[in-house]
Amino acid sequence: MKIIVTSLFVADQQQALEFYTEKLGFVKKEDVPAGEFRWITVVSPEDENGVELVLEPNNNDIAREYQQRLVEAGIPATMFGVDNLLETYANLTAQGVHFTMPPTEAGFVTIAVLDDTCGNLIQLVQG
């Protein structure tokens, strides 16, 4: 068994697609109509046949409350790995990405947390 798709609730699918591709550098894999919304997935450019991240609309009260409560508690919705966190942090900050936590040593890894502009905190890790 392996993970092939995982979801992330987003407040605005188009805004999320732009953020995840233009700012974070993911590649759009799927973008097809799905009723009033779209089935949008992005993948790492380093593994375009790897795990897909679905940018899932938060079109119900449960999803919106889940997002809000995670953010209020400072809990990232998911984690992405990077090779050089200080370089990634500098590049993303220069692009206007807001970090709620700068690169911080946490045991044997270095972590940082960013706001994805779509209702989520995302943790970056180098380890």
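What's counted below: heavy atoms across the whole structure, side chains too, no hydrogens, waters or symmetry copies.
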NZ on Lys29 to CD1 on Ile40, rounded to 0.5 Å: 15.5 Å
If you look at every heavy atom in Asn58 and Gln67, which pair is closest and at what distance? ND2-OE1, 2.5 Å
For Glu52 and Thr41, the nearest pair of non-hydrogen atoms, with its separation, is OE1-OG1, 2.8 Å
Are Phe19 and Val82 grouped together when hydrophobic residues (ILVMFWY) are joined by side-chain heavy atoms under 4.5 angstrom apart? yes
Would you please test Ile122 and Thr78 for side-chain contact (heavy atoms from CB on, under 4.5 Å) and show each step? CA-CA 6 Å; Ile122 305 296; Thr78 194; 3.8 Å; yes
Are Thr6 and Leu53 close enough that some pair of their side-chain heavy atoms sits under 4.5 Å apart? yes
For Pro103 versus Ala112, what's the shortest heavy-atom pair and its separation? N-CB, 3.8 Å
Within-4.5 Å side-chain heavy-atom neighbours: Tyr89 and Leu124: no
Mark yes when over 12 heavy atoms from residues, nucleotides or ligands other than Tyr66 sit less than 6.0 Å from its OH; otherwise mark no. no
Any non-hydrogen side-chain atom of Leu24 less than 4.5 Å from a side-chain atom of Phe80? yes
Using 0.5 Å steps for rounding, measure from the CG atom of Leu55 to the CG atom of Asn120. 9.5 Å
Could you grab the distance from atom CG of Leu92 to atom CD of Glu87, nearest 0.5 Å is fine? 10.5 Å
One pair to check against side-chain contact (heavy atoms from CB on, under 4.5 Å): Thr88 and Gln126. What are the steps and the verdict? CA-CA 10 Å; Thr88 301; Gln126 172 191 317; over 6 Å; no
The reported gap from CD in Gln123 to CE in Met101 (rounded to nearest 0.5 angstrom) is 6.0 Å
Is there a chain of hydrophobic side chains (I, L, V, M, F, W, Y, each step under 4.5 Å between heavy atoms) that links Leu17 to Phe9? no
Is atom CD of Gln95 surrounded by more than 12 heavy atoms (other residues, nucleotides or ligands) closer than 6.0 Å? yes
Connected via hydrophobic side-chain network under 4.5 Å: Val113 and Val71: yes
Heavy-atom nearest pair, Val42 first then Lys28, reads CG1-CA, 4.2 Å
Check the angle between the aromatic planes of Phe26 and Tyr20 and answer parallel, tilted or perpendicular using the 30° and 60° thresholds. tilted
Has the side chain of Asp116 got a donor or acceptor atom that lies under 3.5 Å from a matching backbone atom of Gly119? yes
Please determine whether the number of non-hydrogen atoms from other residues, nucleotides or ligands lying under 6.0 Å from atom CG of Asp83 exceeds 12. no
Treat each ILVMFWY residue as a node, draw an edge where side-chain heavy atoms are under 4.5 Å apart, and state whether Met79 and Phe108 are in one component. yes
Smallest heavy-atom separation, Cys118 atom then Asp12 atom, equals SG-O, 4.2 Å
Are Ile3 and Trp39 co-members of a hydrophobic cluster defined by side-chain heavy atoms under 4.5 Å apart? no
Can you tell me how far apart CG (Asn84) and OG1 (Thr110) are? Round to the nearest 0.5 Å. 9.5 Å
Smallest separation among heavy atoms of Thr21 and Val27, with atom names: CG2-C, 4.4 Å
Working to the nearest 0.5 Å, report the span between NZ of Lys23 and OG1 of Thr117. 9.0 Å
Do the non-hydrogen side-chain atoms of Val125 and Leu85 ever get within less than 4.5 Å of each other? no
